[in-house]
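First comes the structure, then the notes that go with it.
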Amino acid sequence: MTTLALRGGEPVRTKPFPKWPPAPTERQRAAMLEVLESGEWGSRFGTQGVEFVGRFAQRHGVRFGVTVANATLGLFTALRATGVRRGDEVIVPPCTFVATATAVLLAGAVPVFADVDPDTLLISPESVAQRVTSRTAAVIPVHLGGAVADVDAIRASIPERVIIVEDAAQAIGARLRGRPAGSLGDVGVFSFQSSKNMTAGEGGAVITDDERLHQAVWSVANVGRTQVGGWYEHPSVGWNLRLTEFQSALLMDQLETIDEANAHRTRATHQLARLLEERVVGAQVLPDPPSTTSHGRHLAMIRFDADAYGGATADSLSEILRAEGIPAFPGYPLLHRDEAIQREASTISPDYTHHDCPAAEQAMPVTVWLPQNVLLADEPDLHDIADAFAKAQKAAS
Ligand SMILES: *Cc1c(COP(=O)(O)O)cnc(C)c1O
């Protein structure tokens, strides 16, 4: 039997997976120079930001969008704009990047954790319904990994006054029953941080089809101005949360390539699923939820049978896989157990208590994931992933 690389054996793979972001295109180089020479580096008189977010919104079938510095502030902006205020409750899943919950705290509200569907790790509409109280102001469904949370079912199970802000940071190009993620709730928030499927290093966008809400979003991100008012007129409180023109120009180019890149990731995900099924015991790619008619492919999540891997956890298995040259990760720490969040929430709401999320607790420790750049690899590279799982499994048995 071959020795695990973690114990000094030969790794399955030493070749790196495709780099992210990919090498710049000629169009991106030209666009950077154009912004540089125009002198319009900020969005006040620049045209890139307005054009980019207009096209981005249109791609999602909505009329309005605002670019922001990042998605954390995008979520904050969406919550402020929809009227979420100090002491309100906002329902979020525990299986997400920490910013989903900390954006709620930034808005002065407290995150209330609803459990997930263990098969998808997406927020469960039934659990959301159970968490609603008279203080619930909003729900933030997270389209984890690019699978789309069932916003329709959530809408049907909460009171009309409760706002839905979609965290679509990982879901560019995703669709629920044919409709674009980010256009399903009241407001949709996207991230262009370095790891995301479209990136400008940092950045975010907030989209909506509601004109009044759009004005409010714009104002929050533009120091409380209105689009028709004066530069030093601030009828409401807001902040400078804007994106630079350089970033918008970088993103503009990616509007042309994102669909093709995601199609490649989809093919790779299906190939990997087949390889694991044919050649590996006790590990499978989580199937797309049937309602996700187009998947954002930010992560490939792989569920494993801990017994087949010698009682491994997501932490220990992903460490073994990384040593074999496969960039596998154990996923986020569960946020309903995060003590820093609990401490902060308690300063806002002294009676703050966190809810148990048994499905999340059961599913996260037996799920590892691969980031989107791995899915840009070609089929021979995917064999290495299957081989590494097979090696880890055999070493444990
Ligand atoms: C990346 C991410 C965020 C935060 O985005 P930033 O642009 O880094 O602020 C929020 N939620 C999810 C699910 C993310 O993946």
Side-chain angles (χ1 to χ4, degrees), residues 20-21 49 52-53 56 65-80 90-107 111 113-114 116 120-123 138-149 151 164-174 181-182 184-185 187-207 217 220-221 239-244 247-248 250-251 254 262 265 292 295-301 329-336 338 341 360 364 367 369-373 375:
W20 192 258
F52 164 69
V53 84
F56 192 77
V66 174
T67 53
V68 287
N70 56 59
T72 307
L73 292 172
L75 291 166
F76 161 76
T77 299
L79 294 172
R80 279 290 298 192
V90 177
I91 299 173
V92 300
C95 304
T96 177
F97 183 56
V98 69
T100 311
T102 55
V104 172
L105 294 167
L106 190 57
F113 294 98
V116 298
T120 61
L121 295 176
L122 298 172
I123 195 166
V139 182
I140 308 182
V142 176
H143 305 315
L144 189 71
V148 189
V151 177
I164 297 179
V165 174
E166 292 174 73
D167 182 339
Q170 304 185 357
I172 298 168
L184 307 164
V187 195
V189 178
F190 293 85
S191 171
F192 308 122
Q193 177 267 349
S194 304
S195 71
K196 301 300 179 350
N197 293 30
M198 274 176 67
T199 180
E202 302 288 355
V206 183
I207 65 168
V217 165
V220 171
W239 297 265
N240 172 5
L241 308 179
R242 294 185 299 266
L243 196 66
T244 68
Q247 290 163 293
S248 292
L250 276 177
L251 293 164
Q254 293 167 58
N262 275 358
R265 295 180 180 105
T292 294
H295 191 291
R297 302 295 172 208
H298 182 63
L299 302 165
M301 301 212 224
F329 299 93
Y332 306 121
L334 291 170
L335 297 185
H336 67 296
D338 186 297
I341 290 174
M364 279 295 268
T367 312
W369 64 43
L370 305 169
Q372 50 90 5
N373 63 298
L375 303 174

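By convention here, the first residue in the shown sequence is residue 1. Whatever order the structure lists ligands and atoms in, that order sets their numbers, starting from 1.
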**Report entry** Sub-4.0 Å atoms of ligand 1 with respect to non-hydrogen atoms of Thr100
**Finding:** 11 (N)
Report summary line: In ligand 1, the atoms that come under 4.0 Å of a heavy atom of Gly203 are 7 (O)
Report task. Could you tell me whether a side-chain N or O of Trp239 sits under 3.5 Å from a main-chain N or O of Leu73, the two making a donor and an acceptor? Result -> no
Query raised in the report: Where the side chain of Gln247 meets the backbone of Phe192, is there a donor-acceptor pair that is under 3.5 Å apart?
Result: no
Report task. Could you check whether the rings of Phe97 and Tyr332 sit parallel, tilted or perpendicular, using 30° and 60° as the cut-offs? Result -> tilted
**Report entry** Proximal ligand 1 atoms for Gln193, defined as those under 4.0 Å from one of its heavy atoms
**Finding:** 7 (O), 8 (O)
Report summary line: Restricting to heavy atoms, the pick from Ala101, Ala69, Cys95, Ser191 nearest atom 7 (O) of ligand 1 would be Ser191
Query raised in the report: To which protein heavy atom is atom 9 (O) of ligand 1 closest, and what is the distance rounded to 0.1 Å?
Result: Thr72 OG1, 2.5 Å
Report summary line: Numbered in order shown, the ligand 1 atoms found under 4.0 Å of a heavy atom of Val142 are 13 (C)
Requested in this report: Kindly confirm or rule out an N or O of Ala99 lying under 3.5 angstrom from an N or O of ligand 1.
Outcome: no
Query - ligand 1-proximal atoms of Leu144, by part, heavy-atom distance under 4.0 Å - result: neither
Requested in this report: Please tell me if the side chains of Val142 and Pro93 come closer than 4.5 Å, counting only heavy atoms from C-beta onward.
Outcome: yes
Query raised in the report: Can you name the ring pair (Phe, Tyr, Trp, His ring centres under 6.0 Å) partners of Phe113, sequence neighbours left out?
Result: none
Report summary line: Partner of Asn197 under side chain to side chain donor-acceptor pair (under 3.5 Å), picked from His298, Arg297, Gln170, is His298
Query - Side-chain donor-acceptor pair present, Ser191, Gln193, cut-off under 3.5 Å - result: no
Report task. Check Ala71 against ligand 1 and report side chain, backbone, both or neither, counting heavy atoms closer than 4.0 Å. Result -> both
**Report entry** Option of least heavy-atom distance to atom 1 (C) of ligand 1 (set: Glu202, His298, Gln170, Lys196)
**Finding:** Lys196
**Report entry** Which of the ligand 1 atoms, numbered from 1, are nearer than 4.0 Å to a heavy atom of Thr96
**Finding:** 13 (C)
Query raised in the report: Does any N or O in the side chain of Asn373 come within less than 3.5 Å of the main-chain N or O of Leu375, such that one atom is a donor and the other an acceptor?
Result: no
Report task. Indicate yes or no for a side-chain donor-acceptor contact from Glu166 to the backbone of Leu184 under 3.5 Å, with no hydrogens or angles considered. Result -> yes
Query raised in the report: To which protein heavy atom is atom 10 (C) of ligand 1 closest, and what is the distance rounded to 0.1 Å?
Result: Asp167 OD2, 3.6 Å
Requested in this report: Specify the protein heavy atom at minimum distance from atom 3 (C) of ligand 1: its residue, its atom name, and the distance to 0.1 Å.
Outcome: Phe97 CD2, 3.7 Å
Query raised in the report: Looking at ligand 1, does Ser195 have a heavy atom less than 4.0 Å from it?
Result: no
